[in-house]
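Protein chains get the first letters and strands the later ones, always in sequence-line order, with residue 1 at the start of each.
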Amino acid sequence: MYIFLYPDTVYLYLSSSGSKISDRFLEMGYPLKVVFRAIEEHGENDEEAILNAILTYLALETLPGEDNHVTSDPHLSDSASTYIEDLSDMNSILESQGQNKYFETMNLLEDMGFSYDEAFAAINRCGCETPIDELVEFIDAANMAKADDLQGTTLYGKKQKLDRDERWTYSVKNMQLMIGFGVPNSGMKTVDREIPAAGKGPPYFYYENVAYTPKGVWENMSRFLYEIEPEFVDSMHFSAAARKRGYIHNLPIDGRFPLLPIPPFTIQEALPLTNKWWPKWDQRTKLNCILIRHGSAEDTKKIKEELDKSGPDPPEHVRKYVLEQCRRYNFVWVGKNKVAPLDPDEIEVIMGYSKYHTRGGGISTTARYQCLGNSFQVDTVAYHLSVLKKLFPNGIKVLSLFSGIGGAEVALHKLGIPLKFVVSVESSETCRNILQSWWEQSNQKGKLIHIFDVRDVTLGKLKELMDMTEGFDLVIGGSPCNNLAGRNRYTRDGLYGDQSSLFFDYFRILDLVKKITVYRAYA
DNA sequence: ACAAGTATGACGTTTAGC
DNA sequence: GCTAAACGTCATACTTGT
């Protein structure tokens, strides 16, 4: 059983099978209208999705709002109040059980080498308070049973996995070039892909994170995001710097176009003043990934000393040392034998923002490096979002999660898509200031609303927001990568780490927006 | 003086691809 | 088995503001 616990939302993931699905839910006492609405949304096969939808619709009925017309149905009102009682009971049970315990146990089992599916099934069946050796025993027993079953025809789990691997062959091939479903001038024909029904919009959604994570993370994220295949793209195809990222989204991929003007594609074009000092034996034309920290003055000093010592034609081992340092810290040549880290201004432009974009908050240099290193490469994201231009010619209503310095907003704006509404959720005050400042300076005509914490975005809050905006067209964001990123030496704990587990809030909120969208469509 | 904010150097492992 | 790359964290010294 997988559990999300929030003030007015409970997600339960159950697995079972049985007879006629609608009858079973009706027998459980859920009202007819709600059961059919949920089945209409999810089909008849996905029991857990149907139950989630039923619970969400019932909760929506109890909220104040403009379209609670169904509340007049006495049957429904009864069930709704029953649900509230159930919910508070459930809250106390879950709280005593502890959500953290779930993550902890899950982590432990995965650390022991068990797959996500194995750990998931064991915790689901035995509960997360079960001693770890009993869980291991359960998994072993289950695997034995599965092995016995190999002759049979019920290889459900195995088949699912195979199908996913087959579906992903396309992107695995493209992992090497990191061109995803295509980049400009890659010569790939863009044919629209088939998106699993549960993942289709409205709303459109776009999720981003680092491409290179601990093993299994992208498979896991894809599983939550409706089994949609991730698109892995390196921003080196859009700019002078590498940036390997994965994107899961349900946007069309046919008819994409790049932002104009095309930005500089090489270091030498992007930073022409460095040419004068650039030695022949440094063959770099692209920068490595822009990170949140820059190299030290000590390192540049040491490089200068080594080169000064070895004269105009440095020996192989010196070159090797210097090049290694340059690649590691993205140094560029700024004087005779002198390298330097990139300035925040230079990074802004390479990342696709205008110069001084991050000065908006009046913030420190360190903070500018920090938030720039965490942001979208605008041209890359804009290419993917470009298909929205003809879909929303009169403007778009956006729910922007983990907005940061506003990469998504800048990309949409540069594409010429009016921003009618942006609800931005961002915990960093400096980032909120930067976005607010850009919003004012770029003369936005729409409305920008700031929210501090994704955890405040509850069902009730979303309902309220969507009554105001009349729904969202796009849910966009990249959740924290701290516990996934290769540079992290201390807490690269995976998707369940302190910060990276906020991915589940992205999913939770997206899924709620989908359900409220369906709910509103009936109003 | 003191607190809060800012800058800096030092630090190892997991991926993937050849 | 090798190379190359990676939206980072921690402790400490320094700076700024009251």
Whole angstrom value for the distance that separates P of C:dA5 from CZ of A:R245: 15 Å
Checking only heavy atoms, does the side chain of A:R243 share a donor-acceptor pair with the base of C:dC7 at less than 3.5 Å? yes
Which comes earlier along DNA chain C counting from the 5' end, the contact point of A:T491 or that of A:R327, where each point is its nearest nucleotide? A:R327
Establish, for the pair A:K514 and A:Y226, whether the NZ or CZ atom is under 6.0 angstrom from the six-membered ring centre and no further than 45 degrees off its axis. yes
When the C1' atoms of C:dA4 and B:dG12 are compared, how many Å lie between them, rounded to an integer? 15 Å
Please work out if A:C481 contacts a base, only the sugar-phosphate, or nothing of the nucleic acid, heavy-atom cut-off 4.0 Å. base
Indicate whether OP1 or OP2 belonging to C:dA6 is found under 4.0 Å from a side-chain N or O atom of A:K244. yes
Output the rounded distance in Å from CZ (A:R489) to C1' (C:dC7). 16 Å
Taking atom types as they are modelled, is there a donor-acceptor pair under 3.5 Å from the base of C:dT9 to the side chain of A:R293? yes
Earlier contact from the 5' end, DNA chain B, for A:S296 and A:G362: A:G362
side-chain contact (heavy atoms from CB on, under 4.5 Å) with A:L342: of A:L287, A:V349, A:I267, only one passes, and it is A:L287
What does C:dC7 pair with, Watson-Crick or G-U, if both distances are under 3.5 Å? none
Between A:N482 and C:dT9, is there a contact of a side-chain N or O with OP1 or OP2 at under 4.0 Å? yes
Does A:E208 make a side-chain donor-acceptor contact with the base of C:dC7, cut-off 3.5 Å? yes
Rounded distance in Å between the C1' positions of C:dA6 and B:dC11: 15 Å
Rounding to a whole Å, what distance do you find between A:Y490:OH and B:dT14:C1'? 16 Å
Round to the nearest Å and state the distance from A:L484 atom CG to C:dA6 atom C1'. 12 Å
Determine whether more than 12 heavy atoms belonging to other residues, nucleotides or ligands lie under 6.0 Å from atom NZ of A:K200. yes
Could you state the atom-to-atom distance from CG of A:L177 to C1' of B:dA16 in whole Å? 14 Å
Candidates A:S235, A:P230, A:C289 - the one meeting side-chain contact (heavy atoms from CB on, under 4.5 Å) with A:R245: A:C289
Side-chain N or O of A:N288 versus OP1/OP2 of C:dA4: is the shortest distance under 4.0 Å? no
In whole angstroms, how far is the P atom of B:dT6 from the CZ atom of A:R368? 13 Å
Nearest-nucleotide 5' precedence on DNA chain B, A:P214 against A:S364: A:S364
Taking the side chain as everything from C-beta on, heavy atoms only, tell me whether A:F181 gets closer than 4.5 Å to A:H384. no
Would you kindly give the OH-to-P distance between A:Y369 and B:dG5, to the nearest whole Å? 22 Å
Looking across every strand, which nucleic acid part, if any, lies under 4.0 Å from A:S479 by heavy atom: base, sugar-phosphate, or nothing? base
Under 4.0 Å between any heavy atoms, over every strand shown, what does A:A367 touch: base, sugar-phosphate, or nothing? Just pick one. nothing
Please name the nucleotide paired to B:dG12 by Watson-Crick or G-U wobble geometry with both distances under 3.5 Å, or report none. none
Distance only, no hydrogens: is a donor on one side chain within 3.5 Å (strictly under) of an acceptor on the other, for A:E426 and A:H450? no
Output the rounded distance in Å from NZ (A:K286) to P (C:dA5). 14 Å
